[in-house]
Amino acid sequence: MPEPHLERLNSLPAEDARREFLKCCGSTTWAEGMIEQRPFANVESLKRTSVEVWSALEEKDWLEAFHSHPKIGEKKALAPPAAEAQTWAEQEQSGTSDAAEETIAELARLNRVYEEKFGFIFIVCATGKTSVEMLALLRGRLTNTPEQELRNAAAEQAKITDLRFNKLLNL
């Protein structure tokens, strides 16, 4: 039998379910795919389906999801997410809250370099990472090809989505 929060998600009208899914991942095509796959028997089924739907999307859908995130070290996303998703993003990036001024400045500079090179913002599952760790990851990923980096960013988004499902379902 599904958990109570999963039962609620399964039974929501499509528009309400879309809003809930978009808190976890900012791709409308992904959210629509998740709505179509309901009901989910359990959380594992939900998460497995999420990965399957995400993996089948086109680049434009991934980029839409990336735009729903604030840049590392910043507070506002390019495409404003739901208030709850904004709060989650701030919690996920809490490793930058006490960062040295030089680290924040370098994150901002390299975020610009990254975005100029790849055409989208640096996406990393920031939960549990310090600002120094995120800066090191950003530096390392700048050496990738655009194709490698798109795949890396998509994999990081999948991790973020998984963590946000835990929050959405109170797990």
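Each residue takes its place number in the sequence, starting with 1.
In this structure, the side chain of Arg141 engages the main chain of Ile123 through a donor-acceptor pair within 3.5 Å. The closest donor-acceptor contact from the side chain of Ser55 to the backbone of Glu52 lies at 3.5 Å or more, if one exists at all. Under a 3.5 Å cut-off, the side chain of Asn111 and the backbone N or O of Leu107 do form a donor-acceptor pair. Trp62 contributes no side-chain N or O that, together with a main-chain N or O of Arg151, makes up a donor-acceptor pair within less than 3.5 Å.
Taking a 6.0 Å sphere around CD of Glu15, one finds it holds more than 12 heavy atoms contributed by other residues, nucleotides or ligands.
Taking every heavy atom of both residues into account, Phe40 and Phe21 meet most closely at CE1-CZ, 4.0 Å. Listed here is the closest heavy atom pair of Leu168 and Cys24: CD2-SG, 3.8 Å. Among all heavy-atom pairs drawn from Gly128 and Glu133, the shortest one is O-OE1, 3.9 Å. Contact record, Trp54 with Ser27: CZ3-CB, 4.2 Å, taken as the closest heavy-atom pair. Shown here for Asp61 and Thr29, the closest heavy-atom pair between the two residues is OD1-OG1, 2.8 Å. Scanning all heavy atoms of the two residues, the minimum distance from Glu156 to Cys125 falls at OE1-N, 2.7 Å.
Counting heavy atoms from C-beta on, the side chains of Arg164 and Cys25 never come closer than 4.5 Å. Counting heavy atoms from C-beta outward, Leu46 and Gln37 have side chains that stay 4.5 Å or more apart. Between Trp30 and Leu22, every side-chain heavy-atom pair lies at or beyond the 4.5 Å cut-off. Arg8 places a side-chain heavy atom less than 4.5 Å from the side chain of Glu20. By the 4.5 Å heavy-atom criterion applied to side chains, Leu138 and Val124 are not counted as neighbours. In this structure the side chain of Leu12 reaches within 4.5 angstrom of the side chain of Arg38, judged on heavy atoms.
If you chain together hydrophobic residues whose side chains sit under 4.5 Å apart, Val43 and Val51 never meet in one group.
Atom CZ of Phe120 is separated from atom NE2 of His69 by 12.0 Å, given to the nearest 0.5 angstrom. Taken to the nearest 0.5 Å, the CG atom of Leu163 stands 11.0 Å off from the CG atom of Leu171. Between the CG atom in Leu57 and the OG1 atom in Thr28 there is a gap of 9.5 Å [rounded to 0.5 Å]. Distance check, rounded to the nearest 0.5 Å: CD of Glu36 to CD of Glu32 gives 6.5 Å. Here the CZ atom belonging to Phe66 is positioned 8.5 Å from the CD atom belonging to Glu59, to the nearest 0.5 angstrom. For the atom pair CD of Glu58 and CD of Glu64, the computed distance is 12.0 Å after rounding to the nearest 0.5 Å.
Checking Thr130, Ile104, Leu110 one by one against Leu135, the side-chain contact (heavy atoms from CB on, under 4.5 Å) holds for a single residue, Leu110.
Lys117 and Asn144 share no donor-acceptor pair across their side chains, judged by distance under 3.5 Å alone. Asn10 and Glu7 are not linked by any side-chain donor-acceptor pair at a separation below 3.5 angstrom, with hydrogens and angles left out of the test.
Contact check on Glu115 versus Lys71 returns a salt bridge, with a Lys/Arg side-chain nitrogen under 4.0 Å from an Asp/Glu carboxylate oxygen. Between Arg19 and Asp16 there is a salt bridge, with a side-chain nitrogen of the basic residue lying less than 4.0 Å from a carboxylate oxygen of the acidic one.
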List the steps and the verdict of side-chain hydrogen bond (donor to acceptor under 3.5 Å, both in side chains) for Thr161 and Gln157.
CA-CA 6 Å; Thr161 301; Gln157 174 63 58; 3.0 Å; yes

With side chain to side chain contact (heavy atoms under 4.5 Å, CB included) as the criterion, how do Glu3 and Leu169 come out once you've worked through the C-alpha distance, each side chain's angles and the decisive distance to 0.1 Å?
CA-CA 8 Å; Glu3 293 83 356; Leu169 300 173; over 6 Å; no

Dump the intermediate steps for side chain to side chain contact (heavy atoms under 4.5 Å, CB included) on Lys23 and Lys167, then the final yes or no.
CA-CA 10 Å; Lys23 292 176 186 177; Lys167 295 173 185 175; over 6 Å; no

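Ring-plane geometry between Phe122 and Tyr114 is classed as perpendicular, the angle between the planes exceeding 60 degrees on a 0 to 90 degree scale with a lower cut at 30.
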